[in-house]
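Data first, discussion second: the structure below is written as structure tokens.
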Amino acid sequence: MIRIATIAAALLILFVSGCSSQALLSDNALIAQTHLEGMGFKVLSMDQEGTYTVTEEDLASKQRAQPHEEIWVVQEREAESFYGQRIITITFTVQEHPLDNAFGMGKTKATVMIIGGEVIGGWSYPVSKDNDVSGAPYYLDGKAPE
């Protein structure tokens, strides 16, 4: 009996260690990763998964408007469509993105927004040598806000 338990434990360890990092991603992260890859970007890593909610007050209040305005100016859809809804945000480090060489680092941060399993938008910004962010975000595809 001990021998069977030992074999089972060894097989479990082999199975777990042999799984790809993709198996550790949530369903939403997999949706976001697939979306980014479909845009032609090479996903290097998933950095963070979180939530975001925008309200009418967030955009109307001068004290609370930033960063909400900066995020929504680079979306194809209006924020009003999503007031009060819980938006999943997943941030990845990607390559083969138009912003890769803005600071000579060869990579970009891309955040995808999802509601109910559907990608509703996102934003991107170049990675600097200090790994900081300066300025407003870009469209997910790297275009600057107009």
Side-chain angles (χ1 to χ4, degrees), residues 7-146:
I7 292 171
L11 288 174
L12 180 63
I13 290 170
L14 285 173
F15 176 75
V16 170
S17 66
C19 290
S20 70
S21 61
Q22 209 173 32
L24 303 176
L25 297 178
S26 70
D27 290 343
N28 286 317
L30 289 172
I31 291 167
Q33 178 177 351
T34 301
H35 183 76
L36 292 171
E37 291 170 344
M39 295 179 74
F41 308 140
K42 179 182 177 185
V43 173
L44 300 179
S45 65
M46 188 196 83
D47 302 327
Q48 182 177 355
E49 184 168 347
T51 60
Y52 170 73
T53 304
V54 65
T55 65
E56 186 174 2
E57 295 79 27
D58 291 332
L59 294 171
S61 167
K62 289 188 190 246
Q63 288 116 356
R64 292 173 28 190
Q66 188 187 24
H68 302 286
E69 287 177 343
E70 291 178 346
I71 290 171
W72 288 99
V73 77
V74 294
Q75 304 308 313
E76 299 294 328
R77 296 154 121 180
E78 296 295 321
E80 292 82 14
S81 303
F82 306 105
Y83 282 167
Q85 295 184 53
R86 184 174 168 259
I87 301 169
I88 305 297
T89 58
I90 301 108
T91 302
F92 292 88
T93 301
V94 300
Q95 284 183 325
E96 300 174 16
H97 188 282
L99 298 175
D100 280 356
N101 292 312
F103 294 115
M105 295 299 291
K107 56 188 172 181
T108 301
K109 296 288 184 180
T111 300
V112 178
M113 298 190 304
I114 296 176
I115 293 179
E118 177 190 351
V119 174
I120 63 160
W123 65 89
S124 62
Y125 56 90
V127 175
S128 74
K129 288 181 175 129
D130 295 328
N131 227 9
D132 61 356
V133 181
S134 71
Y138 294 78
Y139 282 90
L140 195 53
D141 65 5
K143 293 179 183 163
E146 298 176 15

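Counting begins at 1 with the first residue of the sequence.
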Test Ile115 against Arg86 for side-chain contact (heavy atoms from CB on, under 4.5 Å), laying out the working first. CA-CA 7 Å; Ile115 293 179; Arg86 184 174 168 259; over 6 Å; no
Closest approach of Glu49 to Asn28 (non-hydrogen atoms, all atoms of both residues): OE2-CB, 4.0 Å
Are any non-hydrogen side-chain atoms of Pro126 and Tyr138 less than 4.5 angstrom apart? yes
When you compare the side chain of Ile90 with that of Ile114, does any pair of heavy atoms fall below 4.5 Å? yes
Is the number of heavy atoms from other residues, nucleotides or ligands within 6.0 Å of CD (Glu56) greater than 12? no
Counting only heavy atoms not in Lys107, do more than 12 sit closer than 6.0 Å to its NZ atom? no
Between atom CD1 of Ile120 and atom CZ of Arg77, what is the distance when rounded to the nearest 0.5 Å? 6.5 Å
Count the heavy atoms of every other residue, nucleotide or ligand shown that sit under 6.0 Å from CD of Glu78, and state whether that count exceeds 12. no
Distance (rounded to the nearest 0.5 Å) between Ile87 CD1 and Ile71 CD1: 9.0 Å
Least distance between heavy atoms, Val73 atom then Tyr139 atom: O-OH, 3.3 Å
Atom pair CD1/CD of Ile88 and Glu118 - distance to nearest 0.5 Å: 13.5 Å
When you measure from the side chain of Asp100 to the backbone N and O of Met105, does any donor-acceptor pair fall under 3.5 Å? no
Show your reasoning for whether side-chain contact (heavy atoms from CB on, under 4.5 Å) applies to Asp47 and Lys109. CA-CA 9 Å; Asp47 302 327; Lys109 296 288 184 180; 2.8 Å; yes
For Val74 versus Pro137, what's the shortest heavy-atom pair and its separation? CG1-O, 3.5 Å
Student check: side-chain heavy atoms of Val94 and Leu44 closer than 4.5 Å: no
Compare every heavy atom of Leu99 with every heavy atom of Thr108, then report the nearest pair and how far apart it is. OG1-C, 3.4 Å
Value rounded to 0.5 Å, distance of CD1 in Ile31 from CG in Leu36: 12.0 Å
Parallel, tilted or perpendicular: ring planes of Phe41 versus His97, cut at 30 and 60 degrees: tilted
For Met46 and Ala29, the nearest pair of non-hydrogen atoms, with its separation, is SD-CB, 3.6 Å
What's the verdict on side-chain contact (heavy atoms from CB on, under 4.5 Å) for Gln85 and Thr53, showing C-alpha distance, side-chain angles and the deciding distance? CA-CA 6 Å; Gln85 295 184 53; Thr53 304; over 6 Å; no
If the condition is side chain to side chain donor-acceptor pair (under 3.5 Å), which residues does Glu70 pass it with, not counting sequence neighbours? Gln66
Separation between OG1 (Thr55) and CG (Asp58), nearest 0.5 Å, reads 3.0 Å
What heavy-atom pair brings Leu140 and Ser124 nearest, and what distance separates the two atoms? O-OG, 3.6 Å
Taking CZ in Phe82 as the centre, count heavy atoms belonging to other residues, nucleotides or ligands within less than 6.0 Å. Is the count above 12? yes
Checking side-chain contact (heavy atoms from CB on, under 4.5 Å) for the pair Glu80/Trp72: CA distance, chi angles, key distance, verdict? CA-CA 10 Å; Glu80 292 82 14; Trp72 288 99; over 6 Å; no
Do the non-hydrogen side-chain atoms of Phe92 and Gln33 ever get within less than 4.5 Å of each other? yes
If only atom types and distance count, is the side chain of Glu37 paired as donor or acceptor with the main-chain N or O of Val43 below 3.5 Å? no
